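All values derive from a computational prediction rather than experimental measurement.
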Amino acid sequence: MATRPNQRNIKWVEVRGNIFSDFVDPSGVPVPGLRGVTSALVITTHIARALDFPLFWPADSKGEAPRLLQYPYLRIPYQGRIGVPIFAFLTGFVCANKPLKLAYQQSNAPAALKTIARSAFRRPPRLMLPAIIATLISFFMSVLGAYRAANRCDAFWVRFDAPDPMPLGDNIRRLFRSSLTTWTNTENVYDRHQWAMRPLLIGAFQVYIVLAATIGMRFKYRVLVHVLLITYWLMNVGHLTETFGAMLALGTLLAELSQHRPTQNFITSHQRLLTCVVAPFLLLVGGYVGSYPQEHEDWAPWSMSLHKFLLNPVGDQNMGSFLVPKGSNVHRRTSAFFIMCTSISIFISPFIQKLLSHRLLIWLGHHSFAVYLTHGTILRTVGMWIVYGISGEPWEPAGKNEDGSPKQQQYLHPKSRAHKMVSILVFTVLTYIAAWAWMKYVDTACARATQWLEKKVFDDDNEEGKSGLAEKGYLLNGNGTSPTDGERPKQAQS
């Protein structure tokens with residue numbers, strides 16, 4: 001089967017040496033621009049949360065005219081909720097791509113299963129080791145009192161994200177507890193952005209299970225399985241089912257279609273229609289729905305009409321709709337719908353894929369996982385120092401009024417708008433410098449440790465050890481040497 005049309009669609013998601021790719025292609029396929037865009041969006045939305053939270057609303061107050069960045073479409077980068085679904089989609093795609101390529105392009109199902117096994121082994125340490133190191137760095141910042149300004153600022157989200165000060169012994173116990181709960185209940189006091197690590201790890205294994213179960217099916221039945229999984233997760237109104245389950249299944253489906261020659265021939269022969277009509281339509285519809293505000297949807301006519309369409313409120317109850325079933329999270333559902341429309345648009349449009357292959361986006365994508373792990377600590381320290389001051393003073397803990405009633409806590413206020421602008425610039429530059437250093441030193445060390453473990457656990461591809469051959473049932477020669485290739489079909493009789 002020809003590979004040229006497939007590579008076009010794979011290019012925008014594959015990455016060499018990035019954890020979210022699971023090293024799907026060691027030949028040097030360009031780093032995905034989509035992941036680079038996503039890392040920039042993560043930084044953008046967290047800047048908005050920390051320094052201009054009203055951007056999450058359709059207007060600053062009811063009856064007030066919205067600012068430019070509060071209008072539909074323009075508000076999407078700032079209101080968040082799209083970074084994690086994109087990472088989930090990419091996890092589904094890249095985890096499925098190489099096994100499917102081996103199984104159906106090269107007709108080597110055994111090699112595909114072995115690839116799944118190795119990928120499943122690599123994923124936990126490649127996620128856990130960097131996450132633990134990032135948590136440890138944040139712990140030292142907490143011990144040194146670097147979060148004092150973040151603990152005392154008037155930005156609620158920053159205060160929630162920053163670990164509270166406590167004695168050294170309690171801090172150490174909290175470190176061990178957070179390192180564990182990151183992978184049990186998603187709670188990490190030192191780096192709350194790691195809440196998505198556990199669902200992404202579980203999601204990767206869901207993809208591996210689906211691949212192993214369907215590796216021998218015919219194409220149309222494999223596609224049916226992926227479609228049914230997407231439908232199941234969208235009908236399921238449980239917590240974050242649309243953010244992870246549906247996105248992972250969509251990524252696996254598109255990975256399947258990227259290996260299907262008739263699908264690629266169809267895209268190639270209808271490029272103009274798909275790029276100029278279908279893709280823009282999906283982006284317009286998905287972007288409008290995805291612009292649904294975080295709160296105060298009644299403060300603007302467009303958001304209120306969207307609220308009525310999506311939730312169908314009757315009295316005090318929301319009856320729901322096709323896009324947002326009753327009982328589901330409207331904010332997560334609308335963002336998931338936008339990501340689904342965007343993913344399909346990219347998949348069917350070679351023009352958008354070319355845009356996402358820009359050299360700058362490739363560089364950003366290569367450092368995306370490092371950005372994800374480092375940006376929160378930098379924002380809560382250096383970013384807040386510039387806006388509120390390093391000392392966190394003047395500060396007076398809330399006590400009680402003269403009549404004995406609780407006194408409202410007074411928090412620090414930003415020094416000026418200019419300080420905010422400088423903070424954004426310094427924070428962004430420092431984040432990507434830290435991400436570059438992280439990928440060069442920390443991530444490389446974690447990759448080597450994982451590779452060492454993998455070589456210890458798995459038989460080498462070319463030179464299988466005696467223990468590995470015996471485990472497979474091959475008889476060793478009488479002198480203890482390994483059998484030759486011609487002798488390997490002769491297995492021990494049980």
Side-chain angles (χ1 to χ4, degrees), residues 15 17-21 31-32 35-51 80 83-84 86-87 90 125-147 149-150 155 157-158 160-163 175 178-179 182-183 186-198 200-201 360-387 390 422-447 449-450:
V15 54
N18 189 295
I19 179 59
F20 289 114
S21 72
V31 178
R35 192 177 287 108
V37 171
T38 306
S39 69
L41 290 176
V42 169
I43 286 183
T44 301
T45 186
H46 288 164
I47 289 175
R49 283 185 181 274
L51 302 178
V84 172
I86 294 176
F87 283 135
L90 291 172
R126 289 295 280 122
L127 280 175
M128 290 181 174
L129 291 177
I132 290 174
I133 295 173
T135 301
L136 188 62
I137 293 173
S138 182
F139 160 76
F140 284 119
M141 290 293 186
S142 177
V143 171
L144 296 173
Y147 294 125
W157 180 79
V158 176
F160 172 77
D161 259 14
L175 169 65
S178 294
S179 299
T182 301
W183 308 100
T186 73
E187 179 71 12
N188 187 327
V189 177
Y190 294 97
D191 189 4
R192 295 188 185 276
H193 302 151
Q194 291 188 26
W195 71 269
M197 303 291 276
R198 178 178 179 268
L200 287 173
L201 178 60
L360 174 61
L361 296 180
I362 287 175
W363 188 91
L364 293 176
H366 178 68
H367 296 82
S368 60
F369 187 51
V371 168
Y372 185 80
L373 291 175
T374 60
H375 80 282
T377 298
I378 297 174
L379 178 62
R380 295 189 300 269
T381 53
V382 178
M384 295 302 102
W385 294 347
I386 297 174
V387 178
I390 299 178
V422 173
S423 175
I424 293 172
L425 177 62
V426 173
F427 159 67
T428 303
V429 172
L430 284 181
T431 295
Y432 280 102
I433 291 176
W436 170 82
W438 184 282
M439 292 300 297
K440 185 174 182 179
Y441 300 106
V442 180
D443 194 75
T444 300
C446 294
T450 302

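- Annotation: salt bridge (charged side-chain N to carboxylate O under 4.0 Å, His left out) contacts of Arg192 (sequence neighbours excluded): Glu187.
- Looking at every heavy atom in both residues, Arg126 comes nearest to Asp443 through NH2-OD2, 3.2 Å.
- Listed by chain and number, the residues in a side-chain hydrogen bond (donor to acceptor under 3.5 Å, both in side chains) with Arg198 amount to none (sequence neighbours excluded).
- In this structure the side chain of Phe369 never reaches within 4.5 angstrom of the side chain of Arg35, judged on heavy atoms.
- Closest heavy-atom contact between Leu129 and Ala449: CD1-CB, 4.3 Å.
- Scored by the side-chain hydrogen bond (donor to acceptor under 3.5 Å, both in side chains) test, Ser179 finds no partners at all (sequence neighbours excluded).
- Residues that satisfy the side-chain contact (heavy atoms from CB on, under 4.5 Å) test with Leu136, not counting sequence neighbours, are Phe139, Phe140, Leu175.
- For Ile137, the side-chain contact (heavy atoms from CB on, under 4.5 Å) partners at least two apart in sequence or on another chain are Ile133, Trp438.
- Residues that satisfy the side-chain contact (heavy atoms from CB on, under 4.5 Å) test with Leu144, not counting sequence neighbours, are absent from this structure.
- Using a 4.5 Å heavy-atom cutoff, the side chains of Thr45 and Leu41 are not in contact.
- Of the possible donor and acceptor atoms, one in the side chain of His367 sits under 3.5 Å from a partner among the backbone N and O of Trp363.
- Pairing each heavy atom of Asp161 with each of His193, the nearest pair is OD2-NE2, 3.0 Å.
- Ring geometry for His375 versus Tyr372: interplanar angle of 30 to 60°, hence tilted.
- Tyr147 is linked by a side-chain hydrogen bond (donor to acceptor under 3.5 Å, both in side chains) to Ser138, counting only residues two or more places apart in sequence or in another chain.
- Atom CD1 of Ile43 sits about 9.5 Å away from atom CG of Leu379, to the nearest 0.5 Å.
- For the side-chain hydrogen bond (donor to acceptor under 3.5 Å, both in side chains) test, residues two or more places apart in sequence or in another chain that qualify with Thr182 are Asn188.
- Taken to the nearest 0.5 Å, the CG atom of Asp191 stands 12.5 Å off from the CD1 atom of Ile132.
- Residues Trp183 and Leu127 form a side-chain contact, since some pair of their non-hydrogen atoms from C-beta on lies under 4.5 Å apart.
- Separation of atoms NE2 (His46) and OG1 (Thr44) is listed at 10.0 Å; rounding is to 0.5 Å.
- By the ring pair (Phe, Tyr, Trp, His ring centres under 6.0 Å) test, Trp436 is found to be paired with no residue, residues two or more places apart in sequence or in another chain being considered.
- Atom-to-atom distance recorded for Ser368:OG and Leu90:CG is 8.5 Å, nearest 0.5 angstrom.
- Partners of Ala48 by side-chain contact (heavy atoms from CB on, under 4.5 Å), not counting sequence neighbours, listed by chain and number: Leu55, Phe56, Tyr78.
- What you find for Ile424 and Thr428 is that their closest heavy atoms are O-OG1, 2.8 Å.
- The minimum heavy-atom distance between Ala50 and Val158, with the atom names listed, is CB-CG2, 3.5 Å.
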| request: Could you check Phe427 against Ile386 for side chain to side chain contact (heavy atoms under 4.5 Å, CB included), going step by step and ending with a plain yes or no? | output: CA-CA 10 Å; Phe427 159 67; Ile386 297 174; over 6 Å; no
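- A donor-acceptor pair is defined here as one N or O able to donate and one able to accept, closer than 3.5 Å; no such pair exists between the side chain of Thr38 and the backbone of Gly83.
- The shortest side-chain heavy-atom distance between Met384 and Leu51 falls under the 4.5 Å cut-off.
- Smallest separation of non-hydrogen atoms from Trp385 and Ala146: NE1-O, 3.1 Å.
- Judged by distance alone, the side chain of Ser39 and the main-chain N or O of Gly36 form a donor-acceptor pair under 3.5 Å.
- The only member of Thr431, Val426, Val371 that meets side-chain contact (heavy atoms from CB on, under 4.5 Å) when paired with Ile378 is Thr431.
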